[in-house]
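The figures here come from the full heavy-atom set of this structure, side chains too, leaving out hydrogens, waters and symmetry mates.
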Amino acid sequence: MTRRHRALVALLAVVLVGGCGTEGGDDYVRPATTASAGDGPASPPGPDDTGVPPGTVLEPSGDLDVTEDGAVVDGLDITGCVVVRADDVTIQNTRIRCADPDTANVVQVADGATGLLVQDTEIDGMGTADIGVGWSDYTLRRVEVHRTNDGARLGDDVLIERSWFHDMIRQGELHPDCVQATQGTGITLRGNTFDVPADGSGDLNNAAIMLGSETGKRRLEQVLVVGNWLNGGNYTVNVRQDTHFDDVVFRGNVYGPDSRYGPAQAPAGVVFDGETMSETDQVWAVNEVG
């Protein structure tokens, strides 16, 4: 049965920049789709079960600057970007399309804000935005992220589950990744589809999951990547050899065939347990570096 949610806008003390309402455009209704998400686990997230539920009516809005703790943003079609400066904010049943190349994130969790939940929402960088969402203290659930250079930047206390990242678009000399972390503690990626190649362009991009220190003594700790479908990139999973890490675990993930060099590259000490290829004639292996 198709899920149908009422398009409610519960903007509790949310500051609207650019306005919200029916002026400037008609309500948007997400259509149903029967497209396939491809190979992978028994039910890899894709167009049928991520993003705005089919049949949901969305009310047009401009940029949002959310400043009240506990605010709920529900049922908006946002043309612009979102900044969250408050705790325990929920964004749901919403489409966010931000094409501003001067804005780092389509959804920005400001320093000090905690507990953001984004669910049943589409984040679209329109081929020009750098990052879909970042950095710390947020949860994504059943979210579609696409057409950004990086889908999500991961800091402390991040959970992404049952979401679909696809079609990352290269911005200049940057290297596109579905998700990337340079430092952070308490990162869990569970049951997602991370498909990094840009559809139709021939660009495999950099990695579905990119972990690395890059600068100084930054550390990655308590990182769990479990039960995801991963595809594309130079290496589909790339953990830099100079990464300072502790307790980084990949378990039960399925890898597609579309990497340039192989499914995974990582230094010794990163745990891989039960990783497999989606095509039975391919053998999963990690290129150990460092």
Side-chain angles (χ1 to χ4, degrees), residues 14 45 50-52 61 63-66 71-74 76-169 171 174 176-184 186-196 205-211 223 225 228:
V14 177
T50 63
V52 181
S61 170
D63 295 46
L64 296 186
D65 194 328
V66 186
V72 178
V73 178
D74 192 344
L76 291 186
D77 186 10
I78 299 171
T79 302
C81 297
V82 176
V83 180
V84 177
R85 307 182 193 275
D87 295 340
D88 302 320
V89 170
T90 298
I91 301 172
Q92 61 190 18
N93 307 319
T94 289
R95 181 172 71 164
I96 307 168
R97 294 175 295 165
C98 178
D100 186 350
D102 297 322
T103 300
N105 295 4
V106 178
V107 177
Q108 171 72 52
V109 184
D111 290 345
T114 63
L116 172 65
L117 170 62
V118 184
Q119 59 187 3
D120 301 306
T121 288
E122 178 185 355
I123 296 173
D124 184 351
M126 307 292 287
T128 59
D130 185 5
I131 301 166
V133 60
W135 294 73
S136 292
D137 292 288
Y138 67 86
T139 294
L140 303 185
R141 185 172 293 130
R142 299 182 302 276
V143 174
E144 178 186 4
V145 181
H146 61 127
R147 297 202 293 173
T148 59
N149 185 80
D150 286 339
R153 292 289 183 92
L154 314 174
D156 294 332
D157 300 318
V158 173
L159 169 62
I160 302 177
E161 59 184 358
R162 296 301 299 171
S163 293
W164 179 35
F165 287 62
H166 63 103
D167 292 305
M168 300 296 105
I169 305 297
Q171 308 297 319
L174 299 175
D177 309 300
C178 286
V179 295
Q180 180 183 5
T182 56
Q183 66 177 353
I187 297 169
T188 299
L189 310 175
R190 181 169 55 220
N192 304 286
T193 297
F194 295 129
D195 192 10
V196 70
N205 290 321
N206 183 61
I209 298 176
M210 179 74 202
L211 304 178
V223 178
V225 182
N228 301 280

message: Quick check: do L64 and I78 have side-chain heavy atoms less than 4.5 Å from each other?
response: yes
query: Which value, rounded to the nearest 0.5 Å, describes the distance between R153 atom CZ and Q108 atom CD?
result: 11.0 Å
- prompt: Between T193 (side chain) and P45 (backbone), is there a donor-acceptor pair under 3.5 Å?
  reply: yes
query: Taking it one step at a time, do I131 and V133 satisfy side-chain contact (heavy atoms from CB on, under 4.5 Å)?
result: CA-CA 6 Å; I131 301 166; V133 60; 5.8 Å; no
query: Could you give the distance from CG (L189) to CG (L140), rounded to the nearest 0.5 Å?
result: 9.5 Å
message: Looking at T114, is its backbone amide N or carbonyl O close enough to the side chain of D87 to form a donor-acceptor pair, meaning the two atoms are under 3.5 Å apart?
response: yes
H166 and H146 aromatic ring geometry - parallel, tilted or perpendicular at 30°/60° bounds: parallel
Minimal non-hydrogen separation, R85 against D65, with atom names: NE-OD1, 2.8 Å
message: Please determine whether side-chain contact (heavy atoms from CB on, under 4.5 Å) holds for the pair W135 and D156, giving the CA-CA distance in whole Å, both sets of side-chain angles, and the decisive distance to 0.1 Å.
response: CA-CA 8 Å; W135 294 73; D156 294 332; over 6 Å; no
task: Check P176 against I169 and note the closest heavy-atom contact, atom names and distance.
output: CG-C, 4.3 Å
- prompt: What distance do Q180 atom CD and L211 atom CG have between them, rounded to the nearest 0.5 Å?
  reply: 8.5 Å
- request: Kindly say whether D177 contributes a backbone atom to a donor-acceptor pair with the side chain of D150 at under 3.5 angstrom?
  value: yes
message: Any heavy-atom pair between the side chains of R147 and T128 that's under 4.5 Å?
response: no
task: Give a yes or no on whether the backbone of G191 and the side-chain of N228 come within a donor-acceptor separation of less than 3.5 Å.
output: yes
field: Single hit among N105, V82, V106 for side-chain contact (heavy atoms from CB on, under 4.5 Å) with I123
entry: V106
query: What's the shortest heavy-atom distance between V73 and T94, and which atoms?
result: O-OG1, 4.0 Å
field: salt bridge (Lys or Arg N to Asp or Glu O under 4.0 Å) evaluation trace for D120 with R141
entry: CA-CA 7 Å; D120 301 306; R141 185 172 293 130; over 6 Å; no
- request: Look at the side chain of D130 and the backbone N and O of A104, then say whether any donor-acceptor pair between them is shorter than 3.5 Å.
  value: no
message: Main chain of L159, side chain of T188: is a donor-acceptor contact present, judged purely on distance under 3.5 Å?
response: no
message: For I160 versus A152, what's the shortest heavy-atom pair and its separation?
response: CD1-CB, 4.1 Å
message: Looking at every heavy atom in both Y138 and L154, which two are closest together, and how far apart are they?
response: OH-CD2, 3.6 Å
message: Within this structure, what is the CD1-CD distance for the pair I96 and E144, rounded to the nearest 0.5 Å?
response: 12.0 Å
- prompt: Quick check: does any side chain N or O of Q171 sit under 3.5 Å from a backbone N or O of G127, one acting as donor and the other as acceptor?
  reply: yes
message: Please check this pair: side chain of N192 against backbone of R162, looking for a donor-acceptor N/O pair closer than 3.5 Å.
response: yes
message: Return the CH2 to CZ distance between W164 and R142, rounded to the nearest 0.5 Å.
response: 16.0 Å
query: Taking all atoms of both residues into account, what is the closest heavy-atom pair of T121 and I91, and its distance?
result: OG1-O, 3.7 Å
message: Rounded at 0.5 Å granularity, tell me how far CG in D195 sits from CE in M168.
response: 9.0 Å
Min side-chain heavy-atom separation D88-L117 under 4.5 Å: no
message: Regarding D124 and R95, does a basic nitrogen lie under 4.0 Å from an acidic carboxylate oxygen?
response: no
